Amino acid sequence: MDNQAMFALSYGLFVVTARDGDKDNGCITNTVGQVTSSPNRISLTVNKLNYTHDMIVHSGQFNVSVLSENATFDLFQRFGFQSGRNTDKFAGFSGVRRTVNGLYYVTVGVSAWLSAKVVQSIDLGSHTMFIADVTDGGMLSLVPSATYTYYQAHIKPAPVKPTTAKPAWRCKICGYIYEGEVLPADFVCPICKHGAADFEKIS
Ligand code: FE
């Protein structure tokens, strides 16, 4: 198997937001897709380590903000490179509004939003796949939605040269540096939760 073949798959990018009690959170994902049109249903797959995962399990609903090519890297830092368990990702951030279900959606760097209600959860081991009815939605701009390839080429800053001479690996998704000669095969990036396949040796 040529593992590079998996990188030929194309993905969109999304901020998924949820609310549990009076706590809001959101995370970046590339795993939203429509599964049926009648009823209008989408699937969302979330790593169980993500705080947003548990909030969706408890509340049974989530919003999807579809990132556009106008999305800036700080959106990815805010929602992708920190955990809602120990930070309020919405602190000092004015680019949000609430939908009628009470959840936030993001209004900047976003082409459209959807509200969804979970109708089925599938346990995939490390992840849960949520199947959800789309209950509402709206357009915010006609700027094309960002693909994962577009993010890699145009949104993510160029990598900086490592300052360490020690053997190290860099996460190609978020830039996290793992120091060590050998990266364990089951290593999971503590920042973005991607696996060892998304790391490259840098020194
Ligand atoms: Fe990472």
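Remember, it's 1-based here, ligands and their atoms both numbered in the order they're listed. This chain uses plain numbering: 1 for the first residue, then up along the sequence. Bear in mind that the values here come from a model prediction, so they are computed numbers and not experimental data.
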**Student:** Could you please tell me which protein N, O or S atoms lie under 2.8 Å from the Fe ion (ligand 1)?
**Tutor:**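 N, O, S partners closer than 2.8 Å: Cys171 SG, Cys174 SG, Cys189 SG, Cys192 SG.
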**Student:** Which pairs of donor and acceptor atoms, one on a side chain in residues 116-125, lie under 3.5 Å apart (sequence neighbours left out)?
**Tutor:**
unit_1, atom_1, unit_2, atom_2, d
Asp123, OD1, Lys48, NZ, 2.8
Asp123, OD1, Gly125, N, 2.9
Asp123, OD2, Lys48, NZ, 3.4

**Student:** Quick one: which residue pairs count as a ring pair (Phe, Tyr, Trp, His ring centres under 6.0 Å) with a foot in residues 1-25, not counting sequence neighbours?
**Tutor:**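 Residue pairs with at least one partner in residues 1-25: there are none.
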**Student:** Per the ring pair (Phe, Tyr, Trp, His ring centres under 6.0 Å) rule, what does the pair list look like for residues 133-153, sequence neighbours excluded?
**Tutor:** Phe76-Tyr151, Tyr150-His154
**Student:** Using a strict 4.0 Å threshold on nitrogen-to-oxygen distance, state whether Asp198 and Lys172 make a salt bridge.
**Tutor:**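 No.
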**Student:** Ser141 and Val110: which non-hydrogen atoms are nearest, and at how many Å?
**Tutor:** OG-O, 3.8 Å
**Student:** Could you label the plane-to-plane angle of the Phe187 and Tyr176 rings as parallel, tilted or perpendicular, counting under 30° as parallel and over 60° as perpendicular?
**Tutor:** parallel
